[in-house]
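Just so you know, ligand 1 is whichever comes first in the structure, and atom 1 is the first atom listed for that ligand.
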Amino acid sequence: MSDRLYIVVPCYNEEQVLPATAERLKEKMTALIGAGTIAKDSRVLFVDDGSRDGTWSIIAGLNAADGLFEGVKLSRNRGHQSALLAGMYTATERADMIISMDADLQDDIGAVDEMLDYYYQGNDVVYGVRSRRDKDSFFKRTTAEGFYKVMQALGVDVVFNHADYRLMSKRAVEGLKQFREVNLFLRGIVPMVGYKSEKVYYQRGERLAGESKYPLKKMISFAVDGITSFSVKPLNFIFTAAAILIALGLAGLAVTITLTALNIIPFWGIILSAMALFTGIACGCLGIVGLYVGKGYMEVKHRPPYIIEEHLSGRDDSNG
Ligand code: UDP
Ligand code: MG
């Protein structure tokens, strides 16, 4: 008996790429079912993250034509991470293992076989890792790799160059559910769930069609979210800065007093520049505190990360 696989695909305005993606996924699933690697009633679950284009009607069409495809429609756009969660939590009711991947198939679907091998060898989590990303623009690549380095330097346990292409067993997803955070950063939480894990390497390709749904603004807020939800090191930085400031202030004072006493400079020269410097640093520190206060505020609210508007479940077409 092979296990039941769900492939979860978050989609935001992906009408251009969805038909091709669905076709490729169907080929893959058919092959895997044929080989007996996965159960016959395995499925592909598309999550429509509040798209404004024809994404949902394409998903509904796929579902009507083929029981392999399921769809979940979120009540509005909540972002990639929330859409992923909606898909994984919906799928986990029926799935033995779940693979999440982007709608544009930038992440090589060929890696699925290896992921499944590792799963059957007893791994609960298999991370897809980009071994090369020369198809990404220079900007995307440097910012993304810089981000993973900063995260690691801050002591967050992230897998380098792993995005959200991964396999998780049912019990790993159940574990994930117990992290009741609203500010979601799956790449940081999944390693915290624990269990035995493995990595699969693949080359990141180009988008099949359409444009990136991650503009710079979303990328920055995603990175800030990731850092502040997992690391309090920026808070420690305030204490270091304060210590340096006190030392500088004392030294500055000594210099001003001496130079003024010797009539070399008018006394207010240094004070003015020091004031400007210190005010700037104080504001920066306050900003960091503000980030965490804001985060706590959002967390306390316990807002649901998503609301499902509609669920089209799949069917086993072979039975009728
Ligand atoms: N996505 C989503 N909600 C959003 C933004 C993106 O569900 O608000 C999905 C998108 O449809 C895709 C995945 O997240 O399946 C990754 O987005 P994209 O490929 O545009 O990001 P990039 O590869 O450029 O980082
Ligand atoms: Mg992409």
Arg187/Asp164 salt bridge by N-O under 4.0 Å criterion: yes

If we ignore angles and hydrogens, is there a donor and acceptor under 3.5 Å between the side chains of Tyr201 and Arg130? no

Measuring from atom CZ of Phe147 to atom OG1 of Thr142, what distance do you get when rounded to the nearest 0.5 angstrom? 14.0 Å

Are the side chain of Asn123 and the backbone of Tyr118 linked by a donor-acceptor contact shorter than 3.5 Å? yes

Side-chain contact, heavy-atom cut-off 4.5 Å: Ile59 with Lys73? no

ring-ring contact (aromatic ring centres under 6.0 Å, His included) filter on Tyr202, not counting sequence neighbours, yields Tyr165

Is the shortest distance from a Lys or Arg side-chain nitrogen in Asp108 or Arg204 to a carboxylate oxygen in the other one below 4.0 Å? no

Nitrogen or oxygen contacts under 3.5 Å, ligand 1 side and protein side:
unit_1	atom_1	unit_2	atom_2	d
ligand 1	3 (N)	Asp49	OD2	2.6
ligand 1	3 (N)	His80	N	3.4
ligand 1	8 (O)	Asp49	OD2	3.4
ligand 1	8 (O)	Asn77	ND2	3.1
ligand 1	8 (O)	Lys218	NZ	2.9
ligand 1	11 (O)	Pro10	O	3.4
ligand 1	11 (O)	Tyr12	N	2.9
ligand 1	11 (O)	Glu14	OE2	2.6
ligand 1	15 (O)	Pro10	O	2.7
ligand 1	15 (O)	Ala103	N	2.9
ligand 1	19 (O)	Asp104	OD2	2.6
ligand 1	19 (O)	Arg207	NH2	3.0
ligand 1	20 (O)	Arg207	NH2	2.9
ligand 1	20 (O)	Lys213	N	2.4
ligand 1	23 (O)	Gln106	OE1	2.7
ligand 1	23 (O)	Arg204	NH2	3.0
ligand 1	24 (O)	Ser212	OG	2.6
ligand 1	25 (O)	Lys140	NZ	2.7

Which pairs, with at least one residue in residues 87-98 and sequence neighbours excluded, count as a side-chain hydrogen bond (donor to acceptor under 3.5 Å, both in side chains)? Tyr6-Arg94

Could you give me a count of protein N/O/S atoms that are under 2.8 Å from the Mg ion (ligand 2)? 2

Between OG1 on residue Thr37 and NZ on residue Lys28, distance to nearest 0.5 Å: 9.0 Å

